[in-house]
Every structure is written in C-alpha cells, then in structure tokens.
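All remarks here apply to the structure that follows.
Order of the sequence lines fixes the chain letters, A, B, ..., with proteins taken first and strands second; residue numbering starts at 1 for each chain.
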Amino acid sequence: MLLPELEYVRPSSVTEAVGLLNSLPDAGLLAGGQSLINVLKMRIGGYRTLIDISGLAELAVIDHAQGHLRIGAGVTYDQLIHSAAVSLYRPILSEVAARIADQQVRNRGTIGGNCCYNDPTCHFPPILSAVGASFEILGTEGRRTVSADEFFVSYYQTALNPGEMLVAIEVPEARPRSGDAFVPLSVGGTDVLNVVTGAASVLLAEDGSIRDARIVVSGVAERPLRIAAVEQALLGTRGDGDALDAAFRLWDGNQLTPPDDVHASGEYRLAMAPVFARRAVEEALVKARRDFDE
Amino acid sequence: MSGTTVTTQQTARTQWSGQSIPRKEDERLVKGQGRFADDIRRHNEAYVYLLRSPYGHARIRRVDVRAAQEAPGVIMTLTGDEVREIQKPFMEIAPPPGGYIEDYCLAVDKVRFMGEPVVAILAETAEQARDAADLVDIEYEPLDAVVTGEDALKDTAPLLHGKVGSNVVWHGLYDWGSVEEAKRQADKIVKIDRLHFHRFTSTPIECNAAVVEYYPGSGEYTFWCNNTMPQFAAMFMGPALGIPTDRLHFVTQDIGGSFGNKITTYVYLTICAILAKKSGRPVHWTEYRTDHILGGSHGNERTFLDIEVPVLNDGTILGLSARAIDDCGAYPRYEPLGSVIWSQVVPGVYRFRNVRIDYTQVVTNKCPVGPNRGYSRLQHMWMLERVIDIVAHELNLDPVEIRKKNYIKPDEMPYETPNGCVYDSGDYPRCLDMALKLINYDYWRQRQAEVRGTGKLIGIGIGSTLDSGTNNFGQARIINPELPFSGNGEVANVKLDLYGEVVVTIGTTPQGQGHETTAAQVVSDILGVSPDRVRVLIGHDNARNVYTGFSGTYASQFAVTGLGAVQGAAQKLKREIQQLAAGMMGSDPEEIELVDGTARVVGRPDTAIPFIGLANVVFANNATMPEGLDVSLNCTYTYRPPFKVPDVERKFGNLTLTYATQIHACVVEVDEATGETKILDYAAVDDSGRLIHPQIVEGQVHGAAGLGIGAALYETLEYDAEGQMLTPNFYAYKAVTALDVPMIKTAAIESPSPFSPNGAKGMGEGGGAPLHAICSALQDVMRQTSRAIVHDSFNPSERVYRLLRQQPSARRGVEVISNRS
Ligand SMILES: Cc1cc2nc3c(=O)[nH]c(=O)nc-3n(C[C@H](O)[C@H](O)[C@H](O)COP(=O)(O)OP(=O)(O)OC[C@H]3O[C@@H](n4cnc5c(N)ncnc54)[C@H](O)[C@@H]3O)c2cc1C
C-alpha cells in the first residue's frame with residue numbers, strides 16, 4: 001500500500017521538534033515509523049505533516065544516574081538489547097525488546113513510539129507500568145513528568161496533550177532481591193499479537209517475604225491494569241502457592257469490558273488475565289529469590 | 001531446522017538422478033538476481049490501481065470517476081459498466097444452472113465480496129493511481145450477506161447470482177459400494193454431526209503481478225506475469241476478450257511461490273489487457289499484501305454434516321456417508337473442479353469400500369477460492385483422519401492400531417479404490433512405524449501419563465495422507481460432461497545448440513521446486529554430461545517455448561509429466577547423436593556411448609567426437625552430414641500419461657497417476673489453563689517413489705509441513721456476518737513464520753511408481769498432513785480430559801481452552817449406535 005502525499009520535516013533538535021509540532025498544521029511525530037507508517041498506508045487517518053524525530057541524537061541516549069535509568073524516547077529496541085546499562089540495571093527491558101517482531105522492526109522501532117502508540121498488544125506499556133516507570137514530557141509550556149499509571153490513558157491514548165512530545169522514560173534500577181517478569185499470551189506464534197500480557201515486579205524483604213509487588217495485566221481493559229487488591233494481599237507473604245491462591249482469589253474482572261475480536265473473545269481474555277498475571281508474579285519471584293542463592 | 005533422512009534405497013542409482021546436487025537456480029536466487037514479474041520494466045509503462053469494494057454484498061448505485069480522471073497523472077479509469085461492453089462473462093466450468101453465473105473482471109451492478117475490484121485506475125505513477133482512487137465516488141446500497149456454506153443453502157439466504165436461482169454452484173451424489181449394506185453388517189455406527197474445515201491460504205511471498213503490453217500490429221497481448229497455469233488462463237481470457245487465444249502471449253520467469261494461488265489471476269490479467277489496449281501503454285500491476293489477502297485466492301472451506309461410519313467392534317471401518325458443503329466464495333473460477341478433485345482419494349489410505357458423499361458447492365460473500373496446496377483432497381482427507389480418530393476415541397481403540405487395521409496393505413498395491421482410482425505403490429504401515437520411531441512414540445506415551453495433573457497435557461497425533469499427482473483432466477467431465485478435457489501431459493525440447501551446448505526447454509512455471517536442477521539431472525544421465533553443462537530454460541513462453549494445454553506447475557506432477565517429457569526428449573536426442581556419430585565414424589548407432597560430452601564407440605576413448613563437433617555438422621557444416629542421415633539434434637517429446645476418460649455416470653475411473661504418501665506424527669503439549677498448544681516433536685515420513693533429488697523433496701516436505709502447522713494453529717481467513725473481512729493484513733492474518741515451525745524430523749522410503757516413466761511420484765502439496773496430525777494429537781489430549789470432539793481444522797488456544805472445558809452434559813456432536821440386527 002502506498003502513503004498519501006505528505007509534508008515531511010526533519011528538525012535538528014528536540015526544541016525545534018516541539019516548535020514545529022505546535023506551528024505546522026495537522027502535524028505528527030514520526031519515530032521508528034513501525035506503527036505510524038502502517039496506519040498512514042491504510043489511509044484511515046493520520047497526519048498531513050510528519051516531523052521526523054528518528055535522527056535526533058538527544059532522544060537516543062541511555063543514561064544511568066542516581067539509581068535511575070533515563071532512556072530517551074528515541075532509543076530503539078536494538079539499542080535497548082545491546083545497552084550494557086540496561087542489561088545491568090533493568091535487564092527485563094532488554095529481554096522484552098528482544099521479543100518484539102524481527103530485527104528490521106527492532107532496528108527502527110523505539111521505546112517512545114511503542115508507548116505513545118499504546119496499542120493493547122504493545123510490549124512496553126505493561127512492563128513499564130510494572131517497573132514503575134515515569135514519563136518525561138516536553139511541550140511549549142515546559143517539562144512535566146507523569147507516572148506510568150497516569151501516562152497510559154486508554155486505547156491509543158496517552159497523557160500527552162496536543163503539541164507535547166515524550167522525551168524520555170525513567171526507570172528505577174533493579175534492587176537486590178527484586179525480580180521482573182513479562183508473560184504474554186500470543187495468539188499468532190511466537191510473540192505475535194499478544195492478546196493478554198501479565199507483567200510483574202516484586203521486591204523481597206531480607207527474610208524472603210514480599211515487600212513490594214506491582215502486578216499488571218494488559219489486554220483486558222483500555223489501559224494496562226494494576227491489580228492492587230492482589231498486590232496488597234501478597235505483601236508480607238512468601239509468595240508460595242497458597243499465598244498466590246489466596247491473593248488471586250481477590251481478582252475480580254466483573255467490571256471490565258475487554259476487547260472482543262477475531263483474535264480472542266472478551267470472555268477468554270478475562271479468563272486469561274489472572275492466569276498470566278499470576279505466571280508473571282511467579283516468574284518474578286523466582287528471579288528475586290536468586291539473590292538468596294548466591 | 002534440518003532432520004535426519006533415512007532413505008532406504010529400493011531402486012538403482014544413476015550417476016546424477018537420485019543425488020542432492022547443488023540446485024542450479026540457487027546462486028541466482030540467493031544473490032537477489034532472480035527476475036520476477038514486478039522486476040520487468042517496459043518503456044513508457046503506466047500503473048494500475050484497483051479500487052476494491054468495502055462491502056461484502058452491495059448493489060452499485062452509481063460510480064462517479066470524473067474527479068479521479070482529472071487527478072494528476074491519471075490516464076484513464078475503467079468501470080464495471082464499461083467492462084460489460086468490452087468483455088463477455090468468463091466461461092464457467094459448471095453446467096447450468098451454476099453455469100449461469102456471470103463473472104466479469106470488474107464488478108458489474110453488484111459487489112459480491114469485500115475486496116472485489118470495482119474501478120481500475122491507470123496513471124503515470126503507482127502513487128498517482130492510488131491517490132486518484134480516493135477521488136472516486138461510489139454509491140453502494142448494502143445488501144444482506146451470506147458467509148457460511150450452510151447458510152447459503154437456506155431458503156431465506158440472500159442470492160449472490162440471481163440468474164442461478166440459488167447459491168448452489170454444483171451438486172452431485174457420489175455413491176460407491178453400498179453404505180446401506182455396510183450399515184447392516186456393522187456392529188456399531190458412529191455418527192458425527194458436523195466437522196468444519198476452515199478457510200486459509202498459502203501466502204506466497206511474492207504477490208500477484210503483471211506487466212501487460214498490447215501490440216496493435218499483430219493484435220497480440222504479452223503478459224509478463226506470475227500466473228502458474230497460463231493456458232488455463234488463456235482458455236478463460238480469449239473468449240472473454242473475443243480474440244483467438246493465440247493472441248495471448250504469456251511469459252513467466254522466476255515466481256516467488258504460488259501453491260496454486262496464482263492459477264486464477266486471469267481476472268486481473270484481463271483488467272490489465274483491457275487497459276493496455278485502450279491506453280496504448282504497457283501497464284504494470286502489482287498487488288499489495290492486503291489486496292492479495294482480500295482478493296487473491298483462498299483455500300476451500302468445507303463443512304461435513306451427518307457423517308455416519310459403520311464399524312466392526314475390532315475397529316474395522318466398513319464405509320462412510322456424509323454430506324459435504326463446500327464454500328467457494330463469490331465466484332467459482334477454477335471451481336467447481338474441487339467438487340470432483342477430492343475423489344482422487346476417496347478412501348484416503350484406508351481399505352473401506354462403501355462410500356456415499358452428497359456434495360454441494362455454494363457461493364458466499366467471500367473471496368473466491370482457488371487451488372491451494374493440497375487442493376480439495378486435504379479437506380476430504382482431514383475429514384477421514386478425524387473420522388478415524390473419533391471412531392478410536394469413541395470405541396476406546398488405539399489410534400495406531402485402528403490405522404494399521406484399516407490401512408491398505410503394501411501387498412495389495414497397485415490398489416483400485418471404490419471409484420476406480422489406482423494407487424500405484426506404497427507401504428503405509430512401514431511409514432507409520434518410521435514416523436512413530438522418529439518421534440520416540442513409546443517414550444511420549446509414558447511421559448503422557450507422567451505429566452497428568454501438572455497442568456500440562458501431552459497428546460500424540462498421526463496424520464496419514466496422500467499427495468495424489470498428475471491429474472487425469474477427464475475428471476472434469478464428472479462435473480460437466482460437456483467439457484472437452486481428458487488426460488494430462490507436458491512437453492519438453494532438448495537440443496544441442498550451435499556449439500554443442502545442451503539446452504532444455506519446458507513449459508512449466510516453477511516456484512521453488514527446482515525444475516532447472518532436476519531436469520538437468522535427468523538429461524545428464526542420458527546424454528553423459530554433467531548437470532553444470534545443461535542449460536534449462538524454465539518459464540512458460542507460448543510464443544517461443546514448447547507447451548501443452550496442461551503446461552504449468554500445479555497439482556504435484558512435475559516429476560512425472562515434466563521429467564517424463566524431458567526424459568523422452570533427451571532419449572530422442574541421444575538416438576540422433578548416436579546415429580550421427582555412428583555415421584561419422586562408420587560404426588553402428590548401438591555401439592555409440594555418450595561420455596563426458598562426447599560420443600564415442602563403446603570402449604574406445606580415442607574415437608570420441610565432442611558435442612561441438614556433432615553440432616558443427618548439423619548447424620554449420622551440413623554438406624558433411626553422413627549420407628542418408630536426417631538429424632536435427634533438436635528433439636521435442638510430449639509425455640502423455642496412460643489415462644482413459646472416466647465413466648461419468650458411475651463417477652468412476654483413474655483420476656490421478658501417482659499417489660505419494662505422507663505420514664506425519666507429532667507430539668503436542670497443551671497448557672491446561674490456557675489452551676496453548678506447543679509442538680514438542682514432529683516427524684514427516686514421505687514416500688514419493690523414486691527420488692530424483694532427495695533434498696528438494698525434503699524441502700517440499702518441510703514447506704508443506706510448515707504451512708500445515710500454520711493453518712492448524714494460527715492462520716484463518718475470517719469474515720463477520722456482513723462479509724467484512726477481519727483478517728486482511730499480516731497484523732491479523734497470522735502467517736506462520738520460521739520461529740513457529742518446530743524441528744521437523746524427516747525420513748523417506750522409495751516405492752517406485754510402476755506407472756510413471758521414471759518411478760517417481762508427483763509430490764509437494766503434502767496433503768495437509770499437519771492439520772490431520774495436530775487435530776489427532778488434540779483429540780488425544782481430549783481423551784484424557786473432557787472427551788470433547790475436535791471438530792474444526794483450526795485450533796487456536798482459545799478453541800482448545802474451550803474444548804478442554806466442555807461439560808460432560810454438553811452435546812458432543814457424536815453418537816455411537818449399536819446395531820442389533
Ligand atoms: C511487523 C511488525 C511487528 C510488530 N510487532 C510488535 C509487537 O509484537 N509488539 C509491539 O509492541 N510492537 C510491535 N510492532 C510495533 C512496533 O513496536 C512499533 O515500533 C511501535 O509500536 C511504535 O514505535 P515507532 O518508534 O515505530 O513509532 P512510530 O510508528 O513512528 O509512531 C507511533 C506513534 O507514536 C507517536 N510518537 C512516536 N514517538 C513519539 C514521541 N517521542 N512523542 C510523542 N509521540 C510519539 C507517533 O506520532 C505515532 O502516533 C510491530 C511492528 C511491525 C512493523
């Protein structure tokens with residue numbers, strides 16, 4: 001399929017990009033283009049002007065300081081996979097990036113684009129919610145930072161206002177005795193179309209009990225869903241089978257209206273949500289406990 | 001992804017045939033030097049864009065192309081109203097009333113499937129043609145759609161083609177032996193309400209494409225294209241365009257996969273032909289993936305109803321009766337040939353002799369179907385394999401034992417089936433044993449018991465299937481007695497060129513099957529040259545190359561028809577060379593042997609004349625031709641398989657020449673909580689008769705297995721009730737990738753075909769074995785849990801999840817009736 005006729009601009013700085021975003025009519029940001037170009041090809045909406053931010057070096061930087069990783073919105077999956085800092089301080093992000101599509105897509109697709117696109121099958125929204133990421137946003141009014149819970153608003157919608165762009169994502173570094181996990185239900189072979197994804201991050205106390213847990217499931221609601229009741233119930237337990245059974249008994253999907261489509265019925269998604277959330281917790285616990293074995 | 005090939009040689013090896021020599025075409029293809037239809041460039045080309053219907057079924061009230069015609073770069077537009085004036089409806093294969101269907105290259109009055117081309121736009125660039133399409137204004141009146149075969153038969157169903165009076169394309173009763181008698185003799189009758197074979201396709205990497213040019217001087221159209229059965233296309237296009245078919249000049253080169261899907265592109269080629277003539281410009285058309293999925297060619301969807309299977313208590317199956325409803329989409333095109341082609345394999349690999357199938361083919365508001373790898377036989381054989389497993393399941397019999405009990409025995413070969421097909425050779429029990437050994441059957445049976453209760457379930461499945469090859473086109477008469485077709489054949493030319501080069505020409509359209517290599521192997525053995533020295537010109541070119549009406553690459557036949565023709569032509573050339581050399585050396589032709597590109601008197605290397613010397617005499621020095629000789633060194637041979645016209649009344653006769661075997665076995669692990677199915681082990685044992693190139697055969701086995709696995713677990717073409725296609729791109733149509741195809745262990749045995757010219761059997765389609773094997777394995781999982789019946793050929797996680805949870809009180813759709821009489 002072919003793109004419609006478009007204007008294309010290539011700013012040389014983030015400030016210029018924000019300026020253009022606020023001055024050009026019907027303009028949108030082009031990052032890796034791995035989602036946007038497909039949408040444009042279908043001619044079901046989109047922009048008349050593309051502001052290409054894929055060449056902005058400022059956005060392609062990964063820093064580590066004060067217990068946090070700061071990942072530029074323009075960092076590609078391939079960069080994440082090969083970043084020593086990410087592998088050292090929050091390896092789950094490299095692991096998740098490595099699962100996305102194929103090398104060509106990973107060479108171009110960006111973590112920022114993935115979050116701003118915010119499709120329910122996207123890999124990063126659930127895991128970034130689980131690791132407690134925050135999102136640095138730049139607009140003409142200046143910078144602001146929002147939490148993952150605030151950033152992902154609804155299907156294809158984020159906290160970005162018109163004229164704002166995402167510049168970076170901050171992720172706290174993994175702590176000792178913590179573990180992260182990402183467990184998707186793919187309906188098209190290997191990690192193709194993940195209809196439900198469980199993501200979890202747990203932190204154990206010195207005695208091995210659960211000190212903190214963030215459990216997220218995506219694919220059953222308009223945004224990655226934190227399962228607070230289950231998280232609460234697990235605190236202080238050892239996360240064994242009985243504790244998980246008890247905690248997941250508190251899962252209540254009755255209020256949810258999951259997507260219901262050719263890939264999976266709503267009913268099935270609902271049934272799968274606690275299964276994958278729990279598997280993510282179990283896997284995260286296994287990883288967290290490794291620190292005790294050493 | 002390599003496996004072990006345990007070929008047990010049964011036939012004598014020659015020097016080249018039977019060896020896995022490096023493929024001649026690979027260097028070009030891996031270097032990106034192949035020439036595909038879209039690579040063709042003609043001076044002053046213009047580009048075609050097809051605006052397609054967004055509706056499944058709608059009346060076209062008004063089409064306004066004025067704005068589009070004025071858009072930048074637009075040369076012309078073409079609408080259905082114009083087409084109606086220029087084109088006669090394409091021929092229909094079905095007799096009336098199904099034959100009253102009117103099929104044009106663009107929608108006329110109505111659209112009948114989402115994706116049907118409605119307006120064609122020709123512009124200076126592909127982008128301009130696409131942009132102009134947005135300016136076309138069409139007023140549609142949406143109509144109710146029908147999207148399932150069963151619904152299409154209801155009295156209340158919307159009619160697609162008013163002139164037909166119903167949605168039925170073709171109906172026929174196939175009845176051999178006596179099912180009634182078998183039911184009387186049976187201990188039990190197993191009744192299955194409904195089995196559904198889903199719609200999917202094979203997804204060639206290269207979509208359809210063509211560059212089409214019209215020469216007013218001769219009235220000839222040239223199609224540089226990737227159609228894989230050009231003379232079939234010509235048969236439809238000539239009358240439709242009102243021109244002799246010899247004005248249609250097809251040229252094919254490298255083709256990026258077809259699996260049968262590129263046979264019915266004549267509809268699109270006709271659009272291009274009309275535009276090329278009207279505009280006086282060469283026109284270039286390339287499908288995008290969404291076009292291809294929406295409007296290319298889908299596989300047949302088939303529903304089997306009221307299946308009744310008379311059986312003895314020991315599992316002996318006496319026969320089978322069922323109703324089959326085949327859904328061919330909005331226009332039949334290649335259909336209803338599929339309505340007879342399934343009967344090449346009526347009993348599958350089994351011995352039962354009483355069969356009654358009430359077969360109906362209907363139209364629905366979905367993309368037209370076309371031949372698709374395993375075409376029409378895989379649906380039927382899937383049903384048979386389901387029947388075997390369901391009978392075993394219901395009667396608590398062992399799925400291996402029931403197969404062995406019912407398999408046709410090797411000493412019964414050649415075996416005549418109830419409808420007169422003659423299975424040439426094979427050893428099914430041996431193939432099954434090999435497959436079971438490859439997957440380590442005993443180990444997994446033990447593991448299966450051990451893992452129960454852990455949340456994982458293991459299932460072992462078998463798919464026994466045939467790949468029938470080399471059609472007797474006489475079977476078309478069973479559909480329509482008026483059709484003037486029978487037999488089959490291919491033609492080849494083998495010659496020495498001016499400087500003694502060996503050149504082979506065939507009219508086939510290979511798409512990865514390695515024809516250049518295998519043809520060279522055959523010629524090399526006969527002419528005593530190495531395959532490097534044999535040039536094989538592949539591709540169909542009916543203005544330059546030899547061809548027959550059957551020429552093409554489809555239906556598992558090249559090893560028999562193509563190589564049969566090459567062998568015949570090479571032998572003719574060999575005789576000419578022997579005569580010439582004998583004349584030149586004053587010896588007897590029988591004494592001449594061909595060695596290393598020379599002809600010499602047996603055992604006398606000093607007498608050798610190189611091929612260049614022989615060619616010189618014939619092509620440039622013919623006053624020296626030995627007295628009384630008349631040789632051309634240019635030999636054409638048409639291979640004709642030994643077929644008779646079938647008995648149309650009894651629907652009886654030999655419908656294919658060779659029957660390759662594929663027996664697959666697999667081990668799956670199902671996650672009880674989610675229904676996810678993972679393949680733990682997979683084996684494919686194949687018997688394609690004498691192997692010309694074992695590695696090419698193994699490659700075809702792998703490819704067919706990969707496609708089958710995709711179809712079984714991920715790939716489905718789905719429509720909603722309005723006929724909206726829900727899976728029109730690679731986001732939604734989850735084409736299988738290399739990551740999802742497990743290690744496939746392969747093995748082969750060789751039961752030479754007594755009927756083919758070289759002992760080989762056609763192969764490549766694979767008979768859908770993975771669909772059978774995976775369903776069989778899932779049935780084995782259900783045996784341990786809910787006892788649900790695996791009733792659909794498509795089993796994504798969600799369906800497996802539901803089957804696992806089917807309540808004991810739910811209707812299982814199966815019943816076992818004891819016969820007291
Ligand atoms: C074959 C294929 C398979 C894929 N499979 C998967 C998969 O399994 N899982 C998965 O998660 N994804 C998958 N994707 C999508 C891929 O991950 C995309 O890269 C991602 O969704 C978007 O990132 P991008 O950098 O390409 O953004 P683009 O496509 O360029 O942009 C996407 C959207 O985000 C906006 N945007 C981009 N950057 C910013 C920014 N800094 N600030 C504000 N707005 C911004 C754009 O304006 C646009 O609206 C697949 C893509 C392809 C082509």
Side-chain angles (χ1 to χ4, degrees), chain A residues 1-6 34-35 37-44 98-103 105 117 119-122 183-198 219 241 248 258-279 282, chain B residues 47 49 71-72 125-134 286-292 294 455 671-679 706 709-710 713-720 724-742 796-802 805:
Chain A
M1 282 291 167
L2 293 163
L3 294 181
E5 193 79 29
L6 291 162
Q34 298 303 292
S35 294
I37 298 293
N38 288 317
V39 172
L40 292 170
K41 283 195 292 191
M42 288 191 229
R43 302 199 176 198
I44 48 174
R99 302 177 70 127
I100 297 178
D102 50 47
Q103 188 61 50
V105 172
Y117 187 53
D119 176 280
T121 65
C122 273
V183 187
L185 168 61
S186 159
V187 292
T190 316
D191 265 48
V192 175
L193 238 159
N194 294 337
V195 288
V196 170
T197 301
F248 274 92
D260 185 271
D261 59 27
V262 67
H263 308 299
S265 70
E267 196 187 331
Y268 181 55
R269 286 174 205 254
L270 264 190
M272 291 303 102
V275 174
F276 283 85
R278 177 172 175 156
R279 286 182 183 183
E282 284 166 346
Chain B
Y47 292 82
Y49 182 79
T125 68
E127 291 78 7
Q128 287 171 329
R130 171 66 190 89
D131 285 348
D134 285 344
T286 304
E287 226 172 30
Y288 295 98
R289 183 58 62 182
T290 296
D291 294 327
H292 185 77
L294 279 173
D671 186 323
E672 237 176 320
T674 66
E676 286 167 291
T677 301
K678 190 167 128 197
I679 297 173
I709 289 168
L713 297 173
Y714 314 121
E715 300 185 28
T716 179
L717 293 160
E718 296 285 341
Y719 289 82
D720 71 9
Q724 285 294 309
M725 200 201 210
L726 303 174
T727 53
N729 51 42
F730 274 163
Y731 174 73
Y733 186 78
K734 298 174 276 281
V736 72
T737 71
L739 290 178
D740 311 313
V741 178
S797 309
E798 180 167 358
R799 180 162 286 140
V800 176
Y801 170 86
R802 287 178 192 280
R805 279 156 189 76

### Task
Against chain A, work out which of B:T727, B:T286, B:T716, B:D671 has the most heavy-atom pairs shorter than 4.5 Å and name it.
B:D671
### Task
Using the test side chain to side chain contact (heavy atoms under 4.5 Å, CB included), find all partners of A:E267 that sit at least two apart in sequence or belong to another chain.
A:S265, B:R802
### Message
With a 4.5 Å cut-off on side-chain heavy atoms, are B:E798 and A:V195 touching?
### Response
no
### Toward chain B, the part of A:R269 with a non-hydrogen atom under 4.5 Å
neither
### Task
Check B:K734 against A:V187 and note the closest heavy-atom contact, atom names and distance.
CE-O, 3.4 Å
### Query
Just wondering, do A:K41 and B:Y288 contact through their side chains at under 4.5 Å, heavy atoms?
no
### Query
What closest approach, in Å, do A:A271 and B:Y801 show between heavy atoms, and which atom pair accounts for it?
CB-OH, 3.2 Å
### Query
Are the side chain of B:Y731 and the backbone of A:L193 linked by a donor-acceptor contact shorter than 3.5 Å?
no
#### Entry: Structural part of B:D134 lying under 4.5 Å from a heavy atom of chain A
side chain
### Task
Rounded to the nearest 0.5 Å, what's the gap from CD on A:E5 to CG on B:D131? Could you check?
6.0 Å
### Summary
Correct closest heavy-atom pair for B:A673 and A:V275 would be CB-CG1, 4.2 Å
### Query
At their closest point, which heavy atom of A:Y268 faces which heavy atom of B:S797, and how far apart are they?
OH-CB, 3.2 Å
### Query
Given the options B:T674, B:L713, B:L726, B:V736, which has more heavy-atom pairs under 4.5 Å with chain A than any of the others?
B:T674
### Query
Contact part of B:A735 toward chain A, heavy-atom cut-off under 4.5 Å: side chain, backbone, both or neither?
neither
#### Entry: Side-chain touch A:V262/B:M725, heavy atoms, less than 4.5 angstrom
no
